[in-house]
Amino acid sequence: MSVLKVGFIVSGVLAAGLVFGQAVSEKDFQKQLTAAVALYRQGKLDDALAQFTELHKVNPRSSEVDVWLGFLLLRQNKAAEAIPLLESAEKQRPLDLEIQINLGNAYMISADNEKALENYRNAMHLSPSMFEPHYNSGTIYLRLKQFTKAVTEFGVAAKLKPNDPFVQNNLGVAYDNLKSQTLAADAFKKAADLRPDNTTFAHNAGLALSKLRRPEALTYLERALGDGSDPAIALALGDSYARAGRKADALKYYEALRVPEAKNPVFWFNLGVIRAQNQDLPGAEQAYRRALELNPVDLDALNNLGLLVFRKGQYDEAKSLFEKLAGANPSSVSAKLNYGAAAAKSGDLKAAAEAWKEVIRLDPKRVAVRLDLANALWELGDVENARFHYLQVLAAEKDNAEALNGVGLCYLKGGKLVQAEAAFRSSVEADPKMMSAYNNLAVTLQRENHTSEAIKILEKALKIAPNNEEISTNLQRMRGGE
């Protein structure tokens, strides 16, 4: 948030050559003017205002009275009444810096932005090193959402007063609106360091640094927390504690926010993450489900809940969640991968194969996914396409044991026993622990009437994997048929 700080300029010089009414002599008028100024210097603002009001009645053409009366009215937030007085003074004294500043301030308070900016530009020409016109112009540009111009003016103001926290804070606001997050965070941080007691500055610095995941965010968030009534600060503080590995502290703030943040889906998602990090998986699931109730297309919540139920073995629900995720985010490879895995686990190989085809189209170099696709196509009875993808895997990885086994199965299905035997032998050679390849090789050898050799292959396999039931069953069958 930006902070408005208008600097009024007090006239310190009594002008000469005044024009007086007939009832008051120049000497008496000057004496009354001096007395009115003295009342202001003594802090008697109401008395000073009353005295200058009377003087204005006596001499409505006095620029000095106009300046003082306009200034005092501004001090009482009566900008509309001050403007005509200051405009009158400006006509008589167009090069008076004080009048330009105070008139600009009056226009600014009255939201007459263009006129205010014109007066501030005049002031800049009269005094290039003066701070106030640049600061106030920057504030007006913030109001007008002209953030690039605001950065320019606040930048000049910051050079003129490097240690002014208000300038740094408002410079941060301008940068933040320009999406220059690092520059914004640095400006907010400087403002907060210059005024450690200011919770607004600490608030802005803490949130900006937290967005950038910078560890020093904790310092400012803790300072800004106060009574803990600001959910945004408490939420960011919980995030920062989590990133710092202080999971118990993070959870404390998240759990305390459950009531005020009941309808904030981001909060519930973050609570789910923190609970999961603390191994409270049921609590994490509950939080993710609440996030999705509030925002059914929350991609992160869909993903995390999908992963959680997948690990629990609830594959049908995981499939449904990942399907929604992939539909809402069609360019996401990971969403399609997760959907394919859940579909396969739930027994829907056709859906899994379609998902993996999409992944391959997006990224043809994904060998593991292509292998999963080939295996699914084989199971679905699409032998030719399965064989094509197995060969594509082998083109990338010539010693891939699973692909060699798959190619062997395709040859075996087509009755090409010699080619099948060669593929199975290559698979076993590539991976001596590939039990399915041993078994398939033995079956192929038996069909080639080489039962004795087939038995030796299975005996070798059983030594490697003594508890493999399929190998044991085939070995007993072949021995019985000798």
(Q) Counting C-beta onward and ignoring hydrogens, is there a side-chain heavy-atom pair between I101 and N119 closer than 4.5 Å? (A) no

Q: Keeping the roles fixed (side chain from Q100, backbone from P94), state whether a donor-acceptor pair exists under 3.5 Å.
A: yes

Q) Do Y135 and F154 come close enough that some side-chain heavy atom pair is under 4.5 Å? A) yes

(Q) Does anything in residues 43-60 form a salt bridge (charged side-chain N to carboxylate O under 4.0 Å, His left out)? List the pairs, not counting sequence neighbours. (A) E54-K57

Q. Do H56 and W68 pass the side chain to side chain contact (heavy atoms under 4.5 Å, CB included) test, and can you show the C-alpha distance, the side-chain angles, and the key distance before you say yes or no?
A. CA-CA 10 Å; H56 186 262; W68 274 101; over 6 Å; no

Q) Closest heavy-atom contact between S137 and P133? A) OG-O, 2.7 Å

Q.
How close do A386 and W378 get, counting heavy atoms only, and between which atoms?
A. CB-N, 3.6 Å

Q) Which atom pair, heavy atoms only, marks the closest approach of G272 to A284? A) O-CB, 3.3 Å

**Q.** Minimum heavy-atom distance A116-G104, with the two atoms named
**A.** CB-O, 3.4 Å

(Q) Tell me whether T34 contacts the main-chain N or O of Q30 through its side chain, where contact means a donor paired with an acceptor under 3.5 Å. (A) yes

Q. Sub-3.5 Å donor-acceptor pair from the side chain of S127 to the main-chain atoms of A123, do we have one?
A. no

**Q.** Heavy-atom side-chain proximity of M434 to L404 below 4.5 angstrom
**A.** no

(Q) My understanding is that only residues two or more places apart in sequence, or in another chain, count here; which of them pass side-chain hydrogen bond (donor to acceptor under 3.5 Å, both in side chains) with E358? (A) R361

(Q) With side-chain hydrogen bond (donor to acceptor under 3.5 Å, both in side chains) as the criterion, how do N375 and Y390 come out once you've worked through the C-alpha distance, each side chain's angles and the decisive distance to 0.1 Å? (A) CA-CA 8 Å; N375 290 336; Y390 283 133; 2.5 Å; yes

Q | Residues which pass salt bridge (Lys or Arg N to Asp or Glu O under 4.0 Å) with K312, listed by chain and number, not counting sequence neighbours | A | E285

Q. Which residues pass the ring pair (Phe, Tyr, Trp, His ring centres under 6.0 Å) test with Y241, sequence neighbours left out?
A. Y253

Q) Any donor and acceptor pair, going by atom type alone, linking the side chain of Q76 with main-chain N or O of L45 inside 3.5 Å? A) no

Q) Does the side chain to side chain contact (heavy atoms under 4.5 Å, CB included) test come out yes or no for F131 and V167, once each step is laid out? A) CA-CA 10 Å; F131 166 81; V167 176; 3.3 Å; yes

Q) Side-chain contact, heavy-atom cut-off 4.5 Å: K149 with L144? A) no

Q) Got a second to check how far S88's OG is from R61's CZ, nearest 0.5 Å? A) 10.5 Å

Q) Among pairs that include at least one residue of residues 74-94, which meet ring pair (Phe, Tyr, Trp, His ring centres under 6.0 Å), considering only residues two or more places apart or in two chains? A) none

Q) So, do N303 and L299 sit near enough that their side-chain heavy atoms are less than 4.5 Å apart? A) no

Q: Among residues two or more places apart or on two chains, list those pairs meeting salt bridge (charged side-chain N to carboxylate O under 4.0 Å, His left out) that have a residue in residues 340-355.
A: K319-D348, E354-K357

Q | Pairs touching residues 196-216 that satisfy salt bridge (charged side-chain N to carboxylate O under 4.0 Å, His left out), sequence neighbours left out | A | D186-R214, R195-D197, R214-E216

Q) Can you tell me how far the OG1 atom of T148 sits from the OH atom of Y175, to the nearest 0.5 Å? A) 10.0 Å

Q. Tell me, do M108 and N113 make a side-chain contact under 4.5 Å, heavy atoms counted?
A. no

Q: Identify the two heavy atoms, one from T53 and one from L69, that lie closest to each other, and give their separation to 0.1 Å.
A: OG1-CD1, 3.7 Å

Q) What residues, two or more places apart in sequence or in another chain, satisfy salt bridge (Lys or Arg N to Asp or Glu O under 4.0 Å) together with E397? A) none

Q: Could you tell me whether a side-chain N or O of R223 sits under 3.5 Å from a main-chain N or O of A192, the two making a donor and an acceptor?
A: yes

Q. Would a line drawn from the ring center of F188 to the ring center of F201 be shorter than 6.0 Å?
A. no

Q: Kindly determine whether L218 and R246 satisfy side chain to side chain contact (heavy atoms under 4.5 Å, CB included), including the steps that lead there.
A: CA-CA 11 Å; L218 272 174; R246 296 167 60 176; 4.2 Å; yes

Q) With no hydrogens and no angle check, is any side-chain donor or acceptor of N295 less than 3.5 Å from a backbone partner on A291? A) no

Q. What pairs meet the salt bridge (charged side-chain N to carboxylate O under 4.0 Å, His left out) rule with one or both residues in residues 293-306, with sequence neighbours excluded?
A. R290-E293

Q) Quick one: CZ on R275 to CG on L281, what's the gap to the nearest 0.5 Å? A) 11.5 Å

Q. Side-chain contact, heavy-atom cut-off 4.5 Å: I274 with K247?
A. no

**Q.** L377 side, atom CG; L349 side, atom CG - distance, nearest 0.5 Å
**A.** 9.5 Å

Q. If you round to the nearest 0.5 Å, how far is NZ of K189 from CG of N169?
A. 14.5 Å

Enumerate donor-acceptor pairs with a distance under 3.5 Å from any side-chain N or O in residues 321-333 to protein atoms, sequence neighbours excluded.
| from | atom 1 | to | atom 2 | distance (Å) |
| --- | --- | --- | --- | --- |
| S332 | OG | S334 | OG | 3.2 |
| S332 | OG | A335 | N | 3.1 |

(Q) If the condition is ring pair (Phe, Tyr, Trp, His ring centres under 6.0 Å), which residues does Y220 pass it with, not counting sequence neighbours? (A) none

Q.
Check whether R370 reaches the backbone of P364 with its side chain - one donor and one acceptor, N or O, closer than 3.5 Å.
A. yes

Q: Could you list the residues that satisfy ring pair (Phe, Tyr, Trp, His ring centres under 6.0 Å) with F147, not counting sequence neighbours?
A: none

Q) Passes side chain to side chain contact (heavy atoms under 4.5 Å, CB included), W268 versus Y288? Steps please. A) CA-CA 6 Å; W268 286 104; Y288 291 142; over 6 Å; no

Q) How long is the span from the CE atom in M124 to the CG atom in L117, to the nearest 0.5 Å? A) 8.0 Å

Q: Only one of E90, R93, K91 passes side-chain hydrogen bond (donor to acceptor under 3.5 Å, both in side chains) with S63; say which it is.
A: R93

Q. Hey, are the side chains of S240 and R243 touching, using non-hydrogen atoms and a 4.5 Å cut-off?
A. yes

Q. Just by modelled atom types, is the D280 backbone N or O under 3.5 Å from a matching donor or acceptor in the N278 side chain?
A. no

Q. What's the shortest heavy-atom distance between A318 and G306, and which atoms?
A. CB-O, 3.8 Å

